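Have a look at the structure below before the remarks.
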Amino acid sequence: MQKVRTRIAPSPTGDPHVGTAYIALFNRCFAMQHGGEFILRIEDTDQVRSTTKSEQDILSALNWLGLTWSEGPDVGGQFAPYRQSERSALYTTEILKLIDSKHAFHCFCTAGRLQSLRAKQMEEKSAVGYDGHCLKLSIDEVALKIATGEEHVIRMRIPAEGDCVFSDMLRGEIRISWQQIDMQVLIKSDGLPTYHFANVVDDHYMQISHVIRGEEWINSTPKHLLLYQYFGWQAPIYCHMPLLRNTDKSKLSKRKNPTSIGYYRDMGYLPEAVINYLGMMGWTMPDGREKFTPQEMIENFDLSRISLGGPVFDVTKLDWLNGKYIRENLDDVQFVKLFAEWAFKTERVTRIIPLIKDRVERFSDVAPLAAFFLAGLPEISASSFEHKKLTSEEIRKILQFVIWQFECLRDFSRDEIESTCNKLADALNVKIRDLLFPLFVAISGKSASTSVIDSIGILGLDITRARLRHAIATLGGISNKESKALEKEFRDFWQTAEND
RNA sequence: GUCCCCUUCGUCUAGAGGCCUAGGACACCGGGUUUUCAUCCCGGCAACGGGGGUUCGAAACCCCCAGGGGACGCCA
């Protein structure tokens with residue numbers, strides 16, 4: 001039997017997501033249960049959004065959780081490189097095969113044409129998708145257009161009729177009509193492959209035996225299978241996991257939940273507890289015990305025990321489990337060590353001390369001044385935000401805009417935070433000190449504290465966002481309707497700011 | 001809108017046709033231990049989405065409906 005090889009293939013386009021860790025956990029667990037290999041591949045074919053910082057953050061977050069891999073961009077391996085941006089030559093030779101066999105074709109349609117096509121299809125309520133316009137081009141026409149340097153993409157052909165039938169390890173037979181499948185772009189106009197193409201090529205050459213991924217991929221599986229068929233390769237076995245959910249059952253998102261692994265680290269969760277908690281999303285030990293290690297999970301793993309209902313990521317239960325780990329797994333010596341490592345990282349303390357030094361007359365003043373750097377969410381109430389000029393509504397708006405602005409920052413540095421606040425104060429036509437007032441309360445729990453801008457920089461985006469969101473919730477929250485209006489206003493503001 | 005997936009307590013789940021009067025855990029409520037609180041222990045509340053079949057028997061199997069979710073990008 002073929003050796004089991006699974007992978008996690010994150011895209012380095014944002015914060016390390018708990019959903020990535022969740023899927024990684026099950027892939028790794030399955031591979032190790034079968035004495036196979038678990039590998040990590042970076043899918044950075046989106047040149048615009050991929051960043052090396054994000055890649056580093058993702059690797060370190062997965063490492064923090066103990067989700068180690070035996071092959072990856074950092075450790076190498078026999079199928080290196082493990083970063084798609086370094087594998088371009090391979091995609092180029094592979095796409096040629098599909099063009100030769102007429103399974104792929106050049107498409108010169110403009111974005112404008114595709115847009116109006118889609119609009120027309122929507123209006124006629126017919127299926128939305130590429131209409132095969134460039135399929136009619138002769139070989140000579142194509143050659144000419146390429147020779148003149150006309151911008152183009154490469155798409156895959158899709159059968160006109162029939163169904164794609166495949167078997168999912170968890171869900172059994174799934175049948176999707178080819179008419180539902182669009183002629184997917186395989187190579188973008190920048191010459192780089194899309195996810196669908198690179199993913200199939202790499203999974204083949206990296207000898208991936210089982211693809212365990214989120215159920216959001218079910219509908220594109222036919223494309224992937226078809227590519228394997230076009231190439232004459234053996235396809236892996238697919239297994240689509242349920243998606244982690246927000247409390248309202250929608251797909252877990254940072255708008256509604258802390259999704260960044262960094263948040264859980266910065267809040268002082270133990271990696272063992274977080275990974276245990278993820279392991280009980282959709283899966284249970286045969287004997288029903290809830291506290292277990294990754295090793296115990298591997299020893300008892302049974303993929304068929306996965307339940308398919310989308311599990312709600314419920315922080316309350318994670319809190320209980322984390323407390324259980326702290327109480328039961330840490331003796332006092334270990335507690336001291338881990339707590340100190342978490343709280344007193346030299347680099348961090350070095351940044352905090354200058355902020356409080358001028359305010360300290362005795363060392364006994366330090367803890368009250370700096371406590372909020374070591375805390376989770378401050379204890380605040382709506383009355384904490386009472387202000388002589390700003391209404392509660394204005395304050396909620398400020399807080400929300402600040403969150404959205406912070407999320408756009410490339411580099412969450414003190415200076416960027418400051419200029420963001422200044423810009424926002426201008427745009428909202430309030431004084432900077434008034435704009436900052438709700439931030440002081442939200443971040444430190446008090447209207448007076450150390451520089452809130454420096455504090456935010458030290459706390460980092462994950463904790464900052466959680467506190468700002470908590471403040472909004474304390475003020476009664478923002479209704480859906482209100483949120484829509486704010487989003488529109490925010491976009492307008494952003495556009496005018498861009499034009500400056 | 002079209003297609004696909006899913007559906008047991010508020011939440012995570014057990015359940016592979018009779019062991020189900022549906023079990024455990026979190027949360028919540030009550031009680032006990034504790035100088036207080038927390039921990040810990042004990043107890044309580046609370047669910048098979050609806051309708052049809054199949055069967056001697058359905059939470060479990062089939063069909064329909066409803067609800068939820070996802071996909072429909074030169075993002076992954």
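Values reported hereafter were calculated over all heavy atoms of this structure, with side chains retained and with hydrogens, waters and symmetry mates removed. Chain identifiers are assigned alphabetically (A, B, ...) following the order of the sequence lines, protein sequences preceding nucleic acid strands; residue numbering begins at 1 within each chain. In this text the structure is predicted, and so the values were computed from the model without any measurement.
Pairs passing the salt bridge (Lys or Arg N to Asp or Glu O under 4.0 Å) check and including a residue from residues 17-31 of chain A, sequence neighbours excluded, do not occur. Within the structure, the salt bridge (Lys or Arg N to Asp or Glu O under 4.0 Å) test picks out the following pairs touching residues 6-22 of chain A (sequence neighbours left out): A/R7-A/D203, A/D15-A/R465. Sorted by first then second residue, the salt bridge (Lys or Arg N to Asp or Glu O under 4.0 Å) pairs that include residues 176-201 of chain A, not counting sequence neighbours, number zero. Among pairs with a residue in residues 310-330 of chain A, those fulfilling salt bridge (Lys or Arg N to Asp or Glu O under 4.0 Å) read A/E290-A/K317, A/K291-A/E328, A/K324-A/E328, at least two apart in sequence or across chains.
The stretch residues 45-69 of chain A touches RNA chain B through A/T45, A/D46, A/R49, each having a heavy atom within less than 4.0 Å of the strand. Listed by residue number, the members of residues 291-299 of chain A with any heavy atom below 4.0 angstrom from RNA chain B form an empty set. Against RNA chain B, the stretch residues 258-281 of chain A makes heavy-atom approaches under 4.0 Å through A/M280, A/M281. A heavy atom lying under 4.0 Å from RNA chain B marks the following residues of residues 144-171 of chain A, by number: A/V153, A/R171.
Aromatic rings of A/F30 and A/H210 (six-membered ring for Trp) have centroids within the 6.0 Å cut-off, being under it. Taking the six-membered ring wherever Trp is involved, the centroid distance between the rings of A/F313 and A/Y264 falls below 6.0 Å.
Paired with A/V4 under the rule side-chain contact (heavy atoms from CB on, under 4.5 Å), one option of A/Q33, A/E37, A/H34 passes, and it is A/H34.
Where A/L308 and A/P311 meet RNA chain B, the nucleotide closest to each residue was compared, and A/L308 sits on the side nearer the 5' end. Each of A/R175 and A/P10 lies near RNA chain B, and the nucleotide nearest A/R175 is the one positioned closer to the 5' end.
Note: A/Y205 and A/W233 have perpendicular aromatic rings, judged against thresholds of 30 and 60 degrees for the angle between ring planes. In this pair, A/W217 and A/H224 present their aromatic rings tilted. The plane angle is within the 30 to 60° band.
Residues meeting the salt bridge (charged side-chain N to carboxylate O under 4.0 Å, His left out) test with A/E296, sequence neighbours left out: A/R289. For A/Q184, the side-chain hydrogen bond (donor to acceptor under 3.5 Å, both in side chains) partners are A/K223, not counting sequence neighbours. A/D202 is linked by a side-chain hydrogen bond (donor to acceptor under 3.5 Å, both in side chains) to A/Q84, A/R87, A/Y91, counting only residues two or more places apart in sequence or in another chain.
A distance of about 25 Å separates the C1' atoms of B/A16 and B/U11, rounded to the whole Å. Look at the P atom in both B/A71 and B/A76: the space between them is 14 Å, to the nearest Å. Nucleotides B/G10 and B/U55 place their C1' atoms 35 Å apart, quoted to the nearest Å. Rounded to whole Å, the separation between the P atoms of B/G24 and B/C45 comes to 11 Å. Between the P atoms of B/G17 and B/C62, the separation comes to 12 Å (whole Å). Taking atom P on both B/G49 and B/U13, the two are 15 Å apart, rounded to the nearest angstrom. Between B/U33 and B/U39, the distance separating the two C1' atoms is 11 Å to the nearest Å.
In this structure, A/M241 CE and A/F26 CZ are separated by 4.0 Å, a value rounded to the nearest 0.5 Å.
A donor atom on one side chain and an acceptor atom on the other are found under 3.5 Å apart for A/S304 and A/D302. For the residue pair A/S138 and A/E141, a side-chain donor N or O sits within less than 3.5 Å of a side-chain acceptor on the partner.
Residue contacts shown for A/G288 are absent, as no nucleic acid heavy atom lies under 4.0 Å away. Contacts of A/R118 with the nucleic acid, taken as non-hydrogen atoms under 4.0 Å apart, involve only primed sugar atoms and P, OP1 or OP2. Using a 4.0 Å heavy-atom distance criterion, A/E43 is classed as a sugar-phosphate-only contact. Across all strands, A/T316 comes closer than 4.0 Å only to sugar-phosphate atoms, never to a base (heavy-atom distances). If you check every strand for non-hydrogen atoms under 4.0 Å, A/R305 touches sugar and phosphate atoms only. Using a 4.0 Å heavy-atom cutoff across all strands shown, A/G214 reaches no nucleic acid atom at all.
Remark: A/K484 does not engage A/E487 in a salt bridge, criterion side-chain N to carboxylate O under 4.0 Å.
Taking the 5' to 3' direction, RNA chain B first and last meets chain A under 4.0 angstrom from a heavy atom at B/U2 to B/A76.
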